[in-house]
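Data block below; observations after.
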Amino acid sequence: MSLDTNSYRGARDLYPEDMRLRNYIFNTWRQVVERYGYEEYDAPLLEPIDVYAAKSGEEIVSEQTYQFTDRGDRTVAIRPEMTPSVSRMVAARRQEMPYPARLFSISNFMRYERPQKGREREFWQLNVDLFGVENIAADIEIITISDAILRAFGADRKMYTIRINDRRLTDFMMTNYLGLDVIQANLMIKLFDRKNKISPADFKQQAEDIFGTEVAPTGLAKLSKLIGAKSMADLPRELADSDTLDDLKKLFAALKSAGINNAKFDITLMRGFDYYTGIVFEVFDEAPENNRAMFGGGRYDGLIGLFGVDPLPVVGMAPGETMLVEFLRAHNLLPKSESTTDVYMIVLGDSLNGAEKLATKLRDEGVNVAVDISGRKLDKQIKSAVKMKVPYMLFVGENELSDEIYTLKDVAKSTEEKLSFERIVTSVRDYRRKSDVGDDF
RNA sequence: GCGGAUGUAGCUCAGUUUGGUUAGAGCGCUGGAUUGUGGCUCCGGAGGCCGUGGGUUCGAGUCCCAUCAUUCGCCCCA
């Protein structure tokens, strides 16, 4: 019996052409967040299980983490997310960190889930967190960066929407306005989460069940006022007077003046229930075939305190690679895939020694060169170069070596020029400079 | 965890309804012809446990059961 060549379920093999796309995404992420002054960190792949159990729901941890007992009898989990780890790291240096602390990481995670479109068992995420700022400026910065990231991939603001809500408003709404107890509020939050997936009639029916028959009529009336609110101005008086709206107003004003015209207030936005304490937001893909939340984030001021130090305010977000690729594909923003090798050297006749020497000289000038050392016929060598998507081929034979004039072929344009060594170097450099600053990479 | 669809050559698929000799096509791959230049042309070749395991049958790619995988929904999504 032979071994299976398939990769582990929900985890992908990345061949060079896949890795080119991943590198493009990671490089773009890194470039944007570093421009905002964020610095990179990393944490171990494994954490003690308690780190997750304390923060998230118990059943999520037991059913969806990869966990095992190590040789020292400790129960550990492969990280399913970064937030607990980075919180642990910041808590450990609570007193000595420079604040505001701006941190990011690009790391892989694993969750034991059923793989489907846009979701894998092993996945990569950018995590961006801003520690130590209580005021709304931190929330503004994180949302602005979310926008900047998508813009950096060439996205137009018509392609996505940023939906924003505030957890404090949700709490006030559930408890004071709708008069729900904790259990009812929980159910209502789950129902709000499902709002776009079910019919209005089903929504109404399920809401009625939550209210109970006695209070349902007044409850439903209040609910429909909420759902109908397209902006903060439409909110019922009881909510509109609440203090948290000042923050939201400042936030929207700031986003507007930054040109972010696709941010919308959405009272129904929930984002789970667990640990958010203020602003929450989600970035939605507006492509019809893909209409759903791509990623999100928000403020979670309570987590650092779990590690036995004074609490610290935090705002963070985490876009994933998988969803982003779906977004780029849907909007035709995928870059053209090209080899990192600049020049594929095609060796004619007995010229291998001379070709290798020339390759070394080119490499000394920073040109990436692959020499075809196979000794195959010309057309086979050319086919390899085309398959690799190398931008240039360089033909090296006895005549070229004695004249020191070589034929450089542009693979895409199918044009060729006879050039000296120096001219080859400048041609390749010009090409690289152009493609690095363009929309494509 | 639940439901639907799909697994045949490297890839895209036909063949399955109605079981019947050596399982096909296009592209790709490979050898050659012609070219000091591929994405032209011509001639030849290799490559399949028909996802896997069991069952029915004289006989299974085809029918039945199970299982695994892919995929679309549901649940969930820290």
Side-chain angles (χ1 to χ4, degrees), chain A residues 1-2 4-12 15 47 49 51-66 77-87 109-121 123 125 127 189-190 193-194 197-198 202 270-276 280 282 289-290 292-298 300 302-303 306 316-318 320 322-323 344-351 372 376-390 392-401 403 406-418:
Chain A
M1 195 187 81
S2 57
D4 192 351
T5 56
N6 288 315
S7 62
Y8 173 71
R9 181 162 156 83
R12 286 185 300 136
Y15 291 90
E47 292 277 355
I49 190 75
V51 172
Y52 305 110
K55 180 206 146 195
S56 325
E58 199 66 52
E59 82 276 33
I60 276 175
V61 170
S62 57
E63 283 169 22
Q64 296 193 354
T65 55
Y66 280 85
I78 298 176
R79 58 185 174 197
E81 58 165 329
M82 193 51 110
T83 308
S85 300
V86 69
S87 299
F109 304 93
M110 294 194 79
R111 295 179 191 173
Y112 195 82
E113 296 184 284
R114 186 146 180 177
Q116 51 184 269
K117 190 182 182 187
R119 188 202 280 170
E120 299 168 293
R121 287 183 169 177
F123 57 95
Q125 277 188 346
N127 276 262
I189 284 168
K190 298 266 181 203
D193 253 350
R194 283 200 303 273
K197 286 187 174 178
I198 61 180
D202 283 347
M270 291 298 142
R271 265 196 89 60
F273 190 43
D274 293 308
Y275 55 86
Y276 288 109
V280 290
E282 268 181 356
E289 74 266 35
N290 219 19
R292 59 177 163 178
M294 265 192 289
F295 67 91
Y300 53 102
L303 261 189
L306 293 179
M317 57 118 166
T322 323
M323 291 288 208
Y344 193 88
M345 198 177 279
I346 286 165
V347 183
L348 306 161
D350 268 338
S351 314
D372 194 314
R376 290 173 303 171
K377 286 182 165 180
L378 186 52
D379 58 327
K380 304 296 174 195
Q381 298 190 41
I382 290 172
K383 278 195 174 184
S384 291
V386 171
K387 228 181 225 183
M388 282 175 63
K389 295 184 176 157
V390 174
Y392 290 107
M393 292 182 231
L394 190 65
F395 294 85
V396 180
E398 282 164 32
N399 301 341
E400 286 79 358
L401 288 171
D403 298 350
Y406 312 90
T407 305
L408 184 71
K409 179 160 184 167
D410 183 315
V411 179
K413 289 183 194 150
S414 201
T415 55
E416 52 186 63
E417 289 180 284
K418 293 193 183 304

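Per chain, numbering begins at 1; letters A, B, ... match sequence-line order. Bear in mind that the values here come from a model prediction, so they are computed numbers and not experimental data.
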message: Need the pair for B:C40. Rule: Watson-Crick or G-U wobble, both distances under 3.5 Å, any strand; none if unpaired.
response: none
Options B:U37, B:G39, B:A78, nucleotide nearest the side-chain atoms of A:Ser414: B:G39
- prompt: Roughly how far apart, to the nearest Å, are B:A78 and B:C40 at atom P?
  reply: 49 Å
field: Pairing nucleotide - B:A60, Watson-Crick or G-U, each distance under 3.5 Å
entry: none
message: Could you tell me how far B:A69 sits from B:U8 if I compare only their C1' atoms? Round to whole Å.
response: 15 Å
message: For B:C74, does the base pair up with any side-chain atom of A:Arg114 as donor and acceptor (N or O, under 3.5 Å, distance only)?
response: no
query: Looking at the side chain of A:Arg271, which of B:A78, B:G38, B:C72 is the nearest nucleotide?
result: B:A78
statement: Per nearest nucleotide of RNA chain B, the residue lying toward the 5' end, A:Ala412 or A:Asn399, is A:Asn399
message: Between P on B:U34 and NZ on A:Lys377, what's the gap in Å once rounded to a whole number?
response: 8 Å
task: Look at the side chain of A:Ser384 against the base of B:G38 and say whether a donor-acceptor pair falls under 3.5 Å; ignore hydrogens and angles.
output: no
query: Expressed in whole Å, how much space separates the P atoms belonging to B:A46 and B:A5?
result: 39 Å
task: Would you check if there is a donor-acceptor pair between the side chains of A:Thr407 and A:Glu416 at a distance under 3.5 Å?
output: no
- prompt: Whom does B:G45 pair with, Watson-Crick or G-U wobble, provided both distances fall under 3.5 Å?
  reply: B:C29
field: Distance between P atoms of B:A14 and B:G32 (Å, rounded)
entry: 36 Å
- prompt: Taking atom P in both B:U35 and B:C29, what distance in whole Å separates the two?
  reply: 23 Å
- line: 5'-most contact on RNA chain B (nearest-nucleotide basis), A:Arg9 vs A:Arg376, goes to A:Arg376
message: A:Ile78 vs A:Tyr112, test: side chain to side chain contact (heavy atoms under 4.5 Å, CB included). Steps then yes/no.
response: CA-CA 10 Å; A:Ile78 298 176; A:Tyr112 195 82; over 6 Å; no
- prompt: Given B:G31, is OP1 or OP2 found less than 4.0 Å from the side-chain N or O atoms of A:Lys380?
  reply: yes
task: Establish whether the base of B:U37 is bridged to the side chain of A:Glu416 by a donor-acceptor pair shorter than 3.5 Å.
output: yes
- request: Figure out the CZ/C1' separation between A:Phe123 and B:C77, and round it to whole Å.
  value: 9 Å
- prompt: Using a cut-off of 4.0 Å on non-hydrogen atoms, how would the nucleic acid contact of A:Glu400 be classed: base, sugar-phosphate, or nothing?
  reply: base
task: Take the protein atom NZ of A:Lys387 and the nucleotide atom P of B:G39, then report the distance between them rounded to whole Å.
output: 13 Å
query: What is the distance, rounded to the nearest whole Å, between atom CD1 of A:Ile189 and atom P of B:C76?
result: 14 Å
- prompt: Please give, in whole Å, the distance from B:G1 P to A:Arg111 CZ?
  reply: 18 Å
- request: Would you mind pulling out the nucleotide paired to B:U52, Watson-Crick or G-U wobble, both distances under 3.5 Å?
  value: B:A66
- prompt: Atom CG of A:Asp193 to atom C1' of B:A78: distance rounded to whole Å?
  reply: 13 Å
- prompt: Which nucleotide in the list B:C75, B:U37, B:G39 gets nearest to the side chain of A:Phe395?
  reply: B:U37
- line: Here the distance between atom P of B:G39 and atom CE of A:Met388, to the nearest Å, is 19 Å
field: Stepwise side chain to side chain contact (heavy atoms under 4.5 Å, CB included) check, A:Met323 with A:Arg292
entry: CA-CA 10 Å; A:Met323 291 288 208; A:Arg292 59 177 163 178; 3.9 Å; yes
- prompt: Using purine N1 to pyrimidine N3 plus N6-O4 or O6-N4 for Watson-Crick, or N1-O2 and O6-N3 for G-U wobble, both under 3.5 Å, which nucleotide pairs with B:G3?
  reply: B:C72
- prompt: Hey, does A:Glu113 reach any base, or is it just sugar-phosphate, or nothing, if we go heavy atoms under 4.0 Å?
  reply: base
Span that lies between the P atom of B:C49 and that of B:C43, in whole angstrom: 29 Å
- request: Kindly say if A:Lys413 contacts the phosphate of B:G38, meaning a side-chain N or O under 4.0 Å from OP1 or OP2.
  value: no
- request: Using the P atoms only, state how far B:G19 lies from B:C72, rounded to an integer number of Å.
  value: 35 Å
- request: Scan A:Arg79 against the nucleic acid and name what it touches under 4.0 Å (heavy atoms): base, sugar-phosphate only, or nothing.
  value: nothing
query: How far does the P atom of B:U37 sit from the matching atom of B:C27, given to the nearest Å?
result: 25 Å
- request: Might you point out which heavy atoms bring A:Gly320 and A:Gln125 nearest each other, and give the distance in Å?
  value: CA-CG, 3.9 Å
task: Carefully, step by step, assess A:Thr83 and A:Tyr275 under the rule side chain to side chain contact (heavy atoms under 4.5 Å, CB included).
output: CA-CA 11 Å; A:Thr83 308; A:Tyr275 55 86; 4.2 Å; yes
message: Rounded to whole Å, how long is the line connecting atom CD of A:Gln116 with atom P of B:A5?
response: 18 Å
